[in-house]
There are 2 protein chains.
Amino acid sequence: MELSPTAYVILGMLSWSPKSGYDIKGLVDHTTRFFWAASYGQIYPELRRLAEAGLIEAKDTDTGGRRRTVYGLTPGGRAQLREWLAGDPEVFELRDEGLLRLFFAGAAPATAPSTLDAKRRHHETVIAQLREIEAAGKPEGFAEIVLRYGIEMNEWAVEWCERAGAELEAPAKGKGGR
Amino acid sequence: MELSPTAYVILGMLSWSPKSGYDIKGLVDHTTRFFWAASYGQIYPELRRLAEAGLIEAKDTDTGGRRRTVYGLTPGGRAQLREWLAGDPEVFELRDEGLLRLFFAGAAPATAPSTLDAKRRHHETVIAQLREIEAAGKPEGFAEIVLRYGIEMNEWAVEWCERAGAELEAPAKGKGGR
DNA sequence: ATAAACATGTAACATGTTACATGATTAT
DNA sequence: ATAATCATGTAACATGTTACATGTTTAT
């Protein structure tokens, strides 16, 4: 069976412990969002599909009035997750509008420093968010490794923006930039 | 007027010189693809929209039998591009299936080293492609800066994969004990 | 009371990929 | 002749976001 990577986000989350769609969305927003986001519009329909495929199972635990459907992995779902983990990753996509603007900055060179600045600020914001997650959740094992990746990659990007910004200022060939 | 970033890819390409849809696709594949991809299915309809909006202009140059529509920026299109360049970048998205697999590797820990290895190989492949572009096109100015970003970022990622791989192999000390 | 958080879901929209259809020109 | 490249375009499909609709429970 061919599943989307987003389906594996769900399977992976449920491999830790049973969860509701709401739980999954909350976890995604605090963990994988930086390298794999997912919205309710994806999660709820996907939960239904996975349940129909027998990879997850609903344990309708409505605690009184508030309806809440908690799903758990079936043995088949766990096998599917492990099979996916054993394969090679295929998707790697980056969409960086800052880089795009910088690339075309020749049409308005004066805008380059502020583009670089905005990009740097973006990465700094992400670092702050990741550090918060780090402090709050004290992740361990693979989650911690991946979180460190996020922090270090964004730190690298901040440094690059600073270096590139300095380079832009350096060749001041009497053009009267600024 | 609200344009998609992909529309600005076209406007940016045309700001250098007039081009056909085919030209644009070829250039995208050799330049922006690493941080902003575009397919024919996006480019041709977008060219039509931009022409209808008066931001670009077709100069129907059919060289004999082979039909070829070359577009150039109008003054309005150039203004639109410059306006966009002056704003702050908004989109930054990463989709890294390798990181996702690593994140969930707890369900099959033995798969982690090969995931890391595949991710490293991916980044090495990209570096090789970017170096080829660098050697072939001798980019200058902002294009060169952005190309260097691509190479350096992927080098950083390769190093990270090596470091993380070494950590995985190292006996689990430092945690708990100590 | 009322705001925030919990909880599920759908519909409309936007974006993007792939395969297909068509045909001309150039290099081998 | 035939493969590669040039060249344009569409249709079907896949993916993903946003806004909306609905209602409960908990904290202030």
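Numbered from 1 within each chain, the chains take letters A, B, ... in sequence-line order.
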Rounded to whole angstrom units, what separation is found between the CG atom of L47(A) and the P atom of dT8(C)?
-> 9 Å

Take atom CG of L27(B) and atom P of dC6(D), then tell me their distance rounded to the nearest Å.
-> 12 Å

Donor-acceptor contacts under 3.5 Å from residues 109-116 of chain A side chains, at least two apart:
unit_1	atom_1	unit_2	atom_2	d
T111(A)	OG1	A108(A)	O	2.7
S114(A)	OG	T111(A)	O	3.3
T115(A)	OG1	T111(A)	O	3.3

Check whether any side-chain nitrogen or oxygen of R67(A) sits under 4.0 Å from OP1 or OP2 of dT8(C), and answer yes or no.
-> no

Rounded to the Å, how far apart are R68(B) CZ and dG23(C) P?
-> 21 Å

Between I43(A) (CD1) and dT17(D) (C1'), how many Å, whole number?
-> 12 Å

Residue pair E93(B)/S20(B) against DNA chain D: nearer the 5' end by closest nucleotide is S20(B)

side-chain hydrogen bond (donor to acceptor under 3.5 Å, both in side chains) partners of R120(A), counting only residues at least two apart | D117(A), E124(A)

R33(B): salt bridge (Lys or Arg N to Asp or Glu O under 4.0 Å) partners, not counting sequence neighbours | none

Atom pairs, protein N/O to nucleotides 12-16 of chain C N/O, distance under 3.5 Å:
unit_1	atom_1	unit_2	atom_2	d
dG16(C)	OP1	R95(A)	NH1	2.1
dG16(C)	OP2	T6(B)	OG1	3.3
dG16(C)	OP2	Q42(B)	NE2	2.9
dG16(C)	O5'	Q42(B)	NE2	3.4

Of all residues at least two apart in sequence or in a different chain, which pass the side-chain hydrogen bond (donor to acceptor under 3.5 Å, both in side chains) check with H123(B)?
-> K119(B), N154(B)

ring-ring contact (aromatic ring centres under 6.0 Å, His included) with F104(A): of F35(B), W16(B), F142(B), only one passes, and it is W16(B)

Length of the OH-C1' vector between Y40(B) and dA11(D), whole Å | 18 Å

Atom CZ of R66(B) and atom P of dG9(D) are separated, to the nearest Å, by 15 Å

Does E144(B) have any salt bridge (Lys or Arg N to Asp or Glu O under 4.0 Å) partners at least two apart in sequence or in another chain, and if so, which?
-> none

Could you list the donor-acceptor pairs under 3.5 angstrom formed between side-chain atoms of residues 88-95 of chain A and any protein atom two or more places apart in sequence or on another chain?
unit_1	atom_1	unit_2	atom_2	d
D88(A)	OD2	R121(B)	NH2	3.4
R95(A)	NH2	A37(B)	O	3.2

In chain order, what residues pass the side chain to side chain contact (heavy atoms under 4.5 Å, CB included) check against S39(A), with sequence neighbours excluded?
-> Q42(A)

Atom NZ of K25(B) and atom P of dT10(D) are separated, to the nearest Å, by 17 Å

Global bending angle along the helix from dA1(C)-dT28(D) to dT28(C)-dA1(D), which compares the axes of five pairs at either end, to 10 degrees = 30°

Rounded to the nearest 0.5 Å, what's the gap from CZ on R49(A) to OG on S4(A)? Could you check?
-> 7.0 Å

Between C1' of dT18(D) and OH of Y44(A), the distance in whole Å = 16 Å

Are Y22(A) and dT8(C) close enough that a side-chain N or O sits under 4.0 Å from OP1 or OP2?
-> no

